[in-house]
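So that the names make sense, note that chain A is the first sequence line, chain B the second, and so on, each numbered from 1. Heavy-atom basis, side chains included; hydrogens, waters and symmetry copies ignored.
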Amino acid sequence: DAKTTQPPSMDCAEGRAANLPCNHSTISGNEYVYWYRQIHSQGPQYIIHGLKNNETNEMASLIITEDRKSSTLILPHATLRDTAVYYCIAPNYNQGGKLIFGQGTELSVKP
Amino acid sequence: KAGVTQTPRYLIKTRGQQVTLSCSPISGHRSVSWYQQTPGQGLQFLFEYFSETQRNKGNFPGRFSGRQFSNSRSEMNVSTLELGDSALYLCASSLAPGGNTGELFFGEGSRLTVL
């Protein structure tokens, strides 16, 4: 059901930028892309979302390609506390807009 | 303001029993979604309620049911428990249905163990 694909795991050095890719080639023109993360044993946490323009907030930046078929979540200065599973989601408005989580990317930030 | 509250946090049941889990959304939020998380299947969507009406349903058997009250609090029930129902059950609230607002606020979950 998930309309997105992500690499299963990635490593990043502490202090460096973490760039997490997501493919959503079947996304429709009015469907947003959302990013969440889940730190072990906690509920998922909303990070950011966007439609077609790049977005930035206090947690991260979201870069969406012009054709909207892929996006990249950027954590500019990763810390050990950013170690988590990151989910990229594109709700299907034809199915009521429910948010379906895929397997996500397990990001390990290493000292 | 207070976050999403789920009760109980932990519970142990035996096969064949039934269980009811409760979720109190953030004040003012009218939409509540439920998810099941297991190591093998990840986060799976159960159902979503908005203004006391079930708006979306995932691919779960009829043993899984839910409801939402007029104060937006929600409960989910699992009857005739099976070993495979052991999981973390997560509730999330939002102002409007999740796909329309972008931001779901999750609780810490109820961890169910079925023996």
My understanding is that only one of A/Tyr36, A/Trp35, A/Phe101 makes a ring-ring contact (aromatic ring centres under 6.0 Å, His included) with A/Tyr87; could you say which?
A/Phe101

Name the region of B/Leu90, side chain, backbone, both or neither, that has any atom closer than 4.5 Å to a heavy atom of chain A.
side chain

Any salt bridge (Lys or Arg N to Asp or Glu O under 4.0 Å) involving residues 56-78 of chain A? Give me the pairs, sequence neighbours left out, ordered by first then second residue.
none

Would you mind checking if B/Arg15 and B/Asp85 are paired as a salt bridge, meaning a charged N to carboxylate O distance below 4.0 Å?
no

At a heavy-atom separation under 4.5 Å, does B/Phe105 approach chain A through its side chain, its backbone, both, or neither?
neither

Which bit of B/Gln41 comes within less than 4.5 Å of chain A, counting heavy atoms only: side chain, backbone, both or neither?
backbone

Can you name the residues that form a side-chain contact (heavy atoms from CB on, under 4.5 Å) with A/Pro76, not counting sequence neighbours?
none

